[in-house]
Amino acid sequence: GDKWYTKDKEEIKLSVFKANEKLLDLADSLGIQEDDIEETRQSYMELKNSRKSYVDYETTPYVELIQQRMLEICTYLNSQTITYEGESLTPIHLVRKYQDYDNSKEFKFGGRAYAPYMSLPSEERKKIKINGQATKSHDFSASLTSIVYNQMHGIPRQDVSTKIQPYDVLGLDRSVVKQYMNTLLNSTKTNFSGGIMNYYNHPKRKQKEVDAHNHALNSYGGINKIRDAVIELNQPIENVLLKGKQVGGHFSWIEANLVHEIQHYGCINWDVPILTVYDEFIVPEENNDAMEELLFTVGMPDEYTSPYTKK
């Protein structure tokens with residue numbers, strides 16, 4: 001099977017295969033001719049409701065833009081040589097996955113792209129090569145939180161981690177504050193504690209993360225006190241915290257739009273092959289400096305405007 005195969009239900013991906021000579025010979029022996037084959041156009045977007053059922057949707061300017069962007073990204077990436085331990089990772093077909101939390105049949109929650117290589121652990125992703133070159137990884141500092149501050153207060157994303165320092169809660173490991181912030185953006189006061197407990201009790205959680213959280217619990221005296229300390233440090237965005245998954249899902253939508261806009265611009269305009277893993281960017285070593293510049297210079301078109309965007 002694929003080297004990124006996993007039994008983790010949250011990580012399982014569909015298999016990808018290419019037709020080889022034996023399969024073509026089999027088709028020929030069965031009398032299947034080229035004219036008999038109909039290729040279905042694959043979509044680059046899917047929308048699901050809370051029951052995880054697919055939702056029919058109308059074509060809007062946003063849908064047309066995303067379909068075109070993702071088509072161009074995938075076409076470009078599939079013209080490159082991308083390998084993991086010598087095995088080809090192409091063809092790549094990125095599907096943006098959205099949630100219809102409010103039954104509006106609109107694309108405004110979620111939207112991250114998924115592909116099989118994304119389930120490789122971070123250490124294994126370092127073995128990916130693009131056009132024979134070793135690769136470098138980049139990501140935003142305080143990615144989702146910096147987007148919230150940028151959208152609500154107009155603070156440049158690159159300045160949030162230094163000027164606001166949203167994760168610098170006294171005595172807490174950064175990973176703990178980051179997880180609490182993510183949960184604050186995607187839960188309500190009622191289910192916040194349950195969300196934190198589910199995260200740290202998950203069997204795949206690294207012991208280092210669990211130990212850091214246990215230390216925080218001992219220092220602060222409980223989940224709610226840690227929560228309140230994180231909120232106090234981030235008062236400028238307090239009115240979007242603990243408002244539930246629709247708010248968090250919408251800011252994730254903004255983040256996904258930005259990630260793939262940067263990817264598209266780099267691939268198509270700068271001829272820089274860019275793989276994404278959520279908010280991580282993987283590029284050939286020779287494009288390391290270019291990727292650093294791309295992170296904060298690409299803007300977003302009007303189709304990505306959010307009600308939270310500071311006018």
Side-chain angles (χ1 to χ4, degrees), residues 8-11 47-53 97-104 106-112 114 140-153 160 164-169 171-206 209-210 212-259 278-279 306-309:
D8 190 320
K9 290 184 179 179
E10 294 184 4
E11 298 290 339
L47 181 64
K48 289 185 176 182
N49 59 26
S50 57
R51 299 183 299 278
K52 301 191 183 301
S53 300
K97 299 191 176 187
Y98 299 81
Q99 291 79 44
D100 188 18
Y101 287 143
D102 62 355
N103 299 315
S104 65
E106 296 178 5
F107 291 86
K108 56 186 180 182
F109 305 113
R112 282 179 165 177
Y114 291 83
F140 300 124
S141 178
S143 176
L144 190 57
T145 306
S146 69
I147 286 173
V148 177
Y149 273 97
N150 172 255
Q151 292 290 305
M152 295 183 66
H153 300 289
V160 171
I164 305 297
Q165 299 179 331
Y167 295 163
D168 286 5
V169 179
L172 294 185
D173 187 84
R174 189 177 188 276
S175 69
V176 173
V177 183
K178 182 177 181 180
Q179 184 54 42
Y180 270 65
M181 179 61 76
N182 183 62
T183 307
L184 284 166
L185 282 166
N186 288 280
S187 65
T188 63
K189 196 169 184 177
T190 303
N191 60 20
F192 177 84
S193 294
I196 290 293
M197 291 170 64
N198 287 340
Y199 179 84
Y200 285 105
N201 289 332
H202 196 284
K204 75 172 184 179
R205 201 61 54 221
K206 293 179 180 177
E209 288 184 86
V210 176
H213 186 236
N214 287 337
H215 176 75
L217 291 173
N218 291 332
S219 299
Y220 274 76
I223 289 175
N224 289 343
K225 290 186 177 180
I226 299 173
R227 179 199 66 196
D228 293 344
V230 175
I231 293 174
E232 183 178 359
L233 182 64
N234 291 278
Q235 285 181 341
I237 62 171
E238 185 176 0
N239 64 336
V240 298
L241 303 179
L242 295 175
K243 296 297 188 291
K245 62 184 179 182
Q246 288 192 22
V247 171
H250 185 69
F251 280 111
S252 293
W253 174 82
I254 297 171
E255 180 187 51
N257 287 335
L258 176 61
V259 165
Y278 314 137
D279 62 348
S306 161
Y308 292 101
T309 303

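Values below: all heavy atoms of this structure, side chains included; hydrogens, waters and symmetry mates excluded.
Under the side chain to side chain donor-acceptor pair (under 3.5 Å) criterion, Y98 pairs with Y62, R96, sequence neighbours left out. Taking Q99 as the reference, nothing meets the side chain to side chain donor-acceptor pair (under 3.5 Å) condition, with sequence neighbours excluded. Remark: T190 pairs with T188 by the side chain to side chain contact (heavy atoms under 4.5 Å, CB included) rule, at least two apart or across chains. Remark: R112 engages E255 in a salt bridge (charged side-chain N to carboxylate O under 4.0 Å, His left out) (not counting sequence neighbours). For N198, there are no side chain to side chain contact (heavy atoms under 4.5 Å, CB included) partners at least two apart in sequence or on another chain. Applying the side chain to side chain contact (heavy atoms under 4.5 Å, CB included) criterion to Q235, with sequence neighbours excluded, gives E232, E238. Looking at residues two or more places apart in sequence or on another chain, you find no ring-ring contact (aromatic ring centres under 6.0 Å, His included) involving Y167. In terms of the ring-ring contact (aromatic ring centres under 6.0 Å, His included) criterion, residue partners of Y180 (sequence neighbours excluded) are, by chain and number, F192, H213. For S50, there are no side chain to side chain donor-acceptor pair (under 3.5 Å) partners at least two apart in sequence or on another chain. For Y220, there are no ring-ring contact (aromatic ring centres under 6.0 Å, His included) partners at least two apart in sequence or on another chain. Listed by chain and number, the residues in a side chain to side chain contact (heavy atoms under 4.5 Å, CB included) with N186 are N182 (sequence neighbours excluded).
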Identify all side-chain donor-acceptor contacts of residues 240-252 below 3.5 Å with residues at least two apart in sequence or on another chain.
from : atom 1 : to   : atom 2 : distance (Å)
K243 : NZ     : N239 : O      : 3.4
K243 : NZ     : L241 : O      : 3.4
H250 : ND1    : K108 : O      : 2.9
H250 : NE2    : S306 : OG     : 2.7
S252 : OG     : G248 : O      : 3.1

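Put simply, the side chain of N234 gets close to the backbone of V230: a donor and an acceptor are under 3.5 Å apart. Under the 3.5 Å distance criterion, the side-chain polar atoms of D100 are matched with a main-chain donor or acceptor of N103. Between the side chain of S146 and the main chain of S143, a donor-acceptor pair closer than 3.5 Å is present.
Each of V176, N214, I223, L217 was compared with Y200 under the side chain to side chain contact (heavy atoms under 4.5 Å, CB included) criterion, and only V176 meets it.
Within 6.0 Å of atom NZ in K48, more than 12 heavy atoms from other residues, nucleotides or ligands are found, so the atom counts as buried in its surroundings.
A donor-acceptor contact under 3.5 angstrom links the side chains of T183 and Q179, judged on distance only.
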